[in-house]
Amino acid sequence: MSHMAINKDYRQIEVASEVEQSARTLAHSTRDVPTPSDSYALLGELGATVDHLEQVCRQLSQWHAAAREPEHFEGEDARGDGTGTATAAAQLDSASAALATASAALMRAHAANGVVRWSA
């Protein structure tokens with residue numbers, strides 16, 4: 001089933017919550033794979049999901065790097081040192097790089113899984 005990506009402003013938190021709930025369900029359901037041949041498609045879907053999460057982190061990093069006071073925020077609270085948006089951008093870059101590494105590993109696992117003659 002294919003869904004067209006729809007960008008609706010102000011829905012990002014709702015969509016992120018849906019992704020988290022689906023990921024939690026998947027985490028609980030993959031203790032076993034009742035139909036072994038499903039593992040190939042599962043790895044493909046997981047790889048695509050990680051690719052999308054990498055893109056989200058990269059885009060959020062760019063957004064944080066471009067955020068300007070007072071247009072986007074009004075300073076920092078008492079815990080801040082004036083580097084909040086820059087630090088968030090740098091950490092999101094790190095997350096994006098880690099997800100790119102995970103994506104590459106998932107692609108290799110998917111390819112290796114593809115040569116196995118799984119039972120139906």
K.L.:
Determine the minimum heavy-atom distance between S96 and E54, stating which atoms define it.
P.N.:
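Heavy atoms only, the tightest pair is OG-OE2, 2.6 Å.
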
K.L.:
Go through the structure and list residues passing side chain to side chain contact (heavy atoms under 4.5 Å, CB included) with E45, not counting sequence neighbours.
P.N.:
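None.
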
K.L.:
So which atom in G75 and which in E69 form the shortest heavy-atom distance, rounded to 0.1 Å?
P.N.:
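Heavy atoms only, the tightest pair is N-OE2, 3.0 Å.
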
K.L.:
Are a donor atom and an acceptor atom from the side chains of W118 and D38 found within less than 3.5 Å of each other?
P.N.:
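No, D38 and W118 have no side-chain donor paired with an acceptor closer than 3.5 Å.
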
K.L.:
Rounded at 0.5 Å granularity, tell me how far OG1 in T49 sits from CG in L106.
P.N.:
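The CG atom of L106 is 9.5 Å from OG1 of T49, to the nearest 0.5 Å.
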
K.L.:
Minimum heavy-atom separation for A89 and A65, please, with both atom names.
P.N.:
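Looking at all heavy atoms of both residues, the shortest contact is CB-N, 3.8 Å.
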
K.L.:
Return the minimal non-hydrogen interatomic distance between C57 and A95, and the atom names on each side.
P.N.:
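In terms of heavy atoms, the two residues are closest at SG-CB, 4.1 Å.
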
K.L.:
Can you measure from CG (L43) to CE (M107) and round to the nearest 0.5 angstrom?
P.N.:
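Between atom CG of L43 and atom CE of M107 there are 12.5 Å.
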
K.L.:
Please determine whether residues L53 and L26 belong to a single hydrophobic cluster, defined as Ile, Leu, Val, Met, Phe, Trp and Tyr linked transitively by side-chain heavy-atom distances below 4.5 Å.
P.N.:
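Hydrophobic grouping puts L53 with L26.
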
K.L.:
Roughly how far, to the nearest 0.5 Å, is CD of Q91 from OG of S61?
P.N.:
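Answer rounded to 0.5 Å: 10.0 Å.
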
K.L.:
Could I get the full list of ring pair (Phe, Tyr, Trp, His ring centres under 6.0 Å) partners for H72, not counting sequence neighbours?
P.N.:
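If we apply the ring pair (Phe, Tyr, Trp, His ring centres under 6.0 Å) test to H72, skipping adjacent residues, the hits are W63.
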
K.L.:
Quick one: do E14 and R11 make a salt bridge, cutoff under 4.0 Å?
P.N.:
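Judged by the 4.0 Å cut-off on N to carboxylate O distance, E14 and R11 do form a salt bridge.
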
K.L.:
Looking only at atom types and distance, does a side-chain atom of S17 sit under 3.5 Å from a main-chain N or O of I13, one as donor and one as acceptor?
P.N.:
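A pair under 3.5 Å: no.
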
K.L.:
Rounded to the nearest 0.5 Å, what's the gap from CD on Q62 to CZ on R58? Could you check?
P.N.:
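The CZ atom of R58 is 6.5 Å from CD of Q62, to the nearest 0.5 Å.
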
K.L.:
How many angstroms lie between NE2 in H110 and OG in S39, if you round to the nearest 0.5 Å?
P.N.:
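Result: 9.0 Å between the selected atoms.
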
K.L.:
Only one of T30, N113, T35 clears side-chain contact (heavy atoms from CB on, under 4.5 Å) with L42; which?
P.N.:
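The single option meeting the side-chain contact (heavy atoms from CB on, under 4.5 Å) with L42 is T30.
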
K.L.:
Is any side-chain heavy atom of H64 closer than 4.5 Å to a side-chain heavy atom of L92?
P.N.:
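Side-chain contact under 4.5 Å: yes.
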
K.L.:
Is there a path of hydrophobic side-chain contacts, each under 4.5 Å between heavy atoms of I, L, V, M, F, W or Y residues, that connects L46 with L99?
P.N.:
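Linked, L46 and L99 end up in one cluster.
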
